[in-house]
Amino acid sequence: MTSDTLIAGIDKSRLEAFAKHEAAHYAKSRPKAAKALAEGAGAFLNGVPMHWMADWPMPHLPLVAKAEGARLTDIDGVTLDDFCLGDTGSMFGHSPPPVAKAIRRQASHGLTYMLPTEAALEAGRLLTGRFGTYRWQIATTATDANRFAIRVARAVTGRPKILVFNGCYHGTVDDTFVSLENGATVTSPGLLGQVNDLTATAVCCEFNDLAGVEAALAKGDVAAILTEPVMTNSCMVLPEAGFHDGLRQLSLRYGALLIMDETHTISSGLGGYTRVHSLRPDIFVVGKCVAGGMPTAVWGLSPATADRYNEVNAQRPDGRSGMGTTLSANPMQFACLVATLDKVMTPENYARMEAGAERLSKGLRKAIDRHRAPWHVVRVGARVEFICAPGPLRNGTEAAAAHQPQVEAAIHTGLLNRGSLIAPFHNMMLVSPATQKRQIDRLIARFDSVLTALFEEA
């Protein structure tokens with residue numbers, strides 16, 4: 001076979017036949033969902049309540065009836081081992097018992113009233129204990145938290161630009177939708193309704209490229225570097241040795257703040273990648289699973305940054321600050337934050353998650369090696385990803401080139417048909433405290449079965 005007939009090492013005709021067979025099997029197994037979706041499609045844009053749900057790789061979505069622990073059951077009675085876990089939102093499992101109990105208790109005392117509770121004060125203490133000494137604020141999503149952090153950075157530095165990395169993920173913050181094209185920052189393609197020139201407020205560099213970062217910072221117009229500790233939401237890219245130390249030193253040298261977005265890398269261990277690896281950002285952001293699945297994010301300013309913010313804030317004219325939403329910092333969020341930080345986000349649970357993730361990553365590697373696939377596996381704490389290309393990857397450009405949508409879509413559907421759900425759009429898997437060894441072993445066996453169908457001659 002030649003490279004023209006192969007995709008990620010797989011014969012194209014074999015891949016197409018496998019994808020067709022798996023799609024037909026999936027559709028046949030979920031007639032109730034297909035009927036319900038067809039009948040209810042007219043009420044929603046593209047037939048789904050969130051437009052990107054239409055981009056999942058299978059022929060149509062399942063409709064979930066119940067989720068518990070690390071299992072999902074749909075209305076057709078199909079039960080799945082869930083390794084997607086809401087793309088980190090349910091990283092500690094679906095409805096952890098302490099969180100479910102906190103929700104029931106708080107529901108009888110009101111859902112929102114624009115005032116704090118005693119639980120809010122306890123949440124502040126627990127946040128500091130888990131993540132470090134910051135001055136905390138509560139948001140509903142990490143997108144909100146990142147947006148507010150950026151506003152603070154611009155306010156305290158008086159500078160307009162944010163430095164982000166090519167292929168980054170920070171939710172739907174407009175400023176982060178920039179890419180590198182022939183070495184120049186451009187507005188990313190596909191951003192609907194964008195009328196502003198984002199290059200006026202953002203500059204893009206490659207991850208792991210400290211020389212590029214320094215060149216951008218030297219111009220003196222960058223308020224902050226906004227980064228994930230590890231590039232996620234695509235083909236995962238790890239930081240090279242010295243990269244984070246270099247970012248910290250460069251940010252201090254050129255007067256830019258350093259914002260660490262841990263929304264995905266909270267999988268790294270207790271306190272996230274920042275605490276595990278002793279990083280020292282000026283602003284810390286985390287969302288998704290921080291309140292056990294209740295929509296919640298937190299952002300914290302280092303004491304020195306908080307002092308700078310307070311000074312600027314005291315001098316601004318009356319009017320809206322551009323930060324905060326009415327339903328953020330509601331009592332339900334605080335109840336769930338306290339329950340998660342105190343009873344769920346524990347050293348014991350993280351140890352269980354990391355042991356399971358190591359078991360999974362080793363099993364996936366063995367399957368890849370057995371089939372001589374030109375792929376690799378990356379793990380960050382409880383987060384595991386197989387990548388359908390050789391590795392390791394160094395930056396966003398390499399990650400984009402390694403992405404194989406046709407192959408990944410077929411694998412995802414094949415795994416679904418065999419009983420395992422992984423994250424859509426990339427190949428991410430999470431191990432929760434509720435995930436059992438037998439679920440991990442089943443996923444490994446199912447992955448091996450898919451690779452057998454794709455790589456081995458009949």
Side-chain angles (χ1 to χ4, degrees), residues 113-163 170-171 173 175-176 201-202 217 220-227 247-263 271-272 274-275 279-287 290-291 296-331 333-334 337-338 341:
Y113 24 78
M114 289 184 68
L115 291 167
T117 60
E118 284 186 300
L121 305 180
E122 178 63 12
R125 288 190 288 270
L126 289 169
L127 284 167
T128 297
R130 282 288 177 258
F131 298 113
T133 303
Y134 298 94
R135 303 294 180 256
W136 298 104
Q137 289 284 272
I138 310 301
T140 301
T141 68
T143 291
D144 289 337
N146 280 321
R147 188 178 292 117
F148 303 153
I150 288 170
R151 190 173 289 276
V152 167
R154 287 174 172 152
V156 303
T157 64
R159 299 175 179 179
K161 288 190 175 182
I162 303 300
L163 188 154
H170 301 289
V173 179
D175 302 79
T176 67
T201 56
L217 294 179
D221 57 357
V222 172
I225 301 167
L226 171 60
T227 186
L247 281 186
R248 177 71 279 187
Q249 293 305 314
L250 288 173
S251 65
L252 292 171
R253 185 182 307 163
Y254 291 99
L257 299 187
L258 181 60
I259 307 172
M260 205 62 67
D261 181 357
E262 288 261 25
T263 299
T274 294
R275 194 146 209 186
L279 306 186
R280 296 175 293 112
D282 299 296
I283 306 180
F284 177 92
V285 174
V286 67
V290 72
T296 305
V298 299
W299 55 288
L301 307 181
S302 69
T305 306
D307 288 344
R308 293 177 69 183
Y309 163 76
N310 287 331
E311 182 179 344
V312 170
N313 191 50
Q315 296 173 1
R316 71 176 176 87
D318 291 339
R320 297 178 183 176
S321 67
M323 296 186 291
T325 54
T326 303
L327 296 180
S328 292
N330 66 66
Q333 287 178 310
F334 287 121
L337 265 172
V338 168
L341 294 166

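Residues G255 and T157 share a closest heavy-atom pair of O-CG2, 4.0 Å. Residues L337 and V290 come closest through the heavy atom pair CD2-O, 3.6 Å. Here the closest non-hydrogen pair linking A123 and F334 is CB-CD2, 3.8 Å. Nearest heavy atom pair, residue P281 against residue S302, reads O-CB, 4.3 Å. Of all the heavy atoms in V285 and A145, the pair that sits closest is CG1-CB, 3.8 Å. When all heavy atoms of F148 and A139 are compared, the pair lying nearest together is CE1-CB, 4.2 Å.
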Hey, mind stepping through R154 and D175 against salt bridge (charged side-chain N to carboxylate O under 4.0 Å, His left out) and telling me if it holds?
-> CA-CA 12 Å; R154 287 174 172 152; D175 302 79; 2.7 Å; yes
Please step through side-chain contact (heavy atoms from CB on, under 4.5 Å) for the pair T143 and H170, ending with a clear verdict.
-> CA-CA 6 Å; T143 291; H170 301 289; over 6 Å; no
Could you go through the salt bridge (charged side-chain N to carboxylate O under 4.0 Å, His left out) check for D221 and K161 one step at a time?
-> CA-CA 6 Å; D221 57 357; K161 288 190 175 182; 3.7 Å; yes
R147 and I150: side-chain contact (heavy atoms from CB on, under 4.5 Å), yes or no, with the steps?
-> CA-CA 5 Å; R147 188 178 292 117; I150 288 170; 5.8 Å; no
Decide side-chain contact (heavy atoms from CB on, under 4.5 Å) for L258 and I283; before the verdict, give the C-alpha distance in whole Å, the side-chain angles of both, and the deciding distance to 0.1 Å.
-> CA-CA 6 Å; L258 181 60; I283 306 180; over 6 Å; no
Begin from the C-alpha positions of V286 and W299 and carry the test side-chain contact (heavy atoms from CB on, under 4.5 Å) through to its verdict.
-> CA-CA 7 Å; V286 67; W299 55 288; over 6 Å; no
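No hydrogens or angles considered: a donor-acceptor pair under 3.5 Å links the side chains of S328 and T140. For the 3.5 Å distance criterion, the side chains of R248 and S251 qualify, holding a donor opposite an acceptor.
Here the OH atom belonging to Y254 is positioned 11.0 Å from the CZ atom belonging to R159, to the nearest 0.5 angstrom. The structure places CG of L341 at 5.0 Å from CG of L127, a figure rounded to the nearest 0.5 Å. In this structure, CG in L226 is found 6.0 Å from CG in D261, a value given to the nearest 0.5 Å. Summarising the geometry, atom CD1 belonging to I138 is positioned 12.0 Å from atom CG belonging to D144; distances are rounded to the nearest 0.5 Å. Rounding to the nearest 0.5 Å places CG of L301 at 13.0 Å from OG1 of T133. Separating the CE atom in M323 from the CD atom in Q137 is a distance of 7.5 Å, to the nearest 0.5 Å.
Between the side chain of R253 and the main chain of A256, no donor-acceptor pair closer than 3.5 Å is present. Counting only distance, with no hydrogens or angles, the side chain of N310 and the backbone of A306 share a donor-acceptor pair below 3.5 Å. No donor-acceptor pair closer than 3.5 Å links the side chain of D282 to the backbone N or O of L257. Within the 3.5 Å criterion, the main-chain N or O of L327 finds a donor-acceptor partner in the side chain of N330. Listed for the E262 side chain is a donor-acceptor partner under 3.5 Å among the backbone atoms of T274. Formation of a donor-acceptor pair under 3.5 Å by the E311 side chain with backbone atoms of D307 is not found in this model.
Applying the ring pair (Phe, Tyr, Trp, His ring centres under 6.0 Å) definition to pairs two or more places apart or across chains, those involving residues 113-132 are F131-F284.
Residues L163 and L217 are in side-chain contact: their nearest non-hydrogen atoms beyond the backbone lie under 4.5 Å apart. Inter-residue side-chain proximity for I259 and I225 is flagged as unmet; no heavy-atom pair is nearer than 4.5 Å.
The 12-atom threshold is not exceeded at CZ of R280, counting heavy atoms of other residues, nucleotides or ligands nearer than 6.0 Å.
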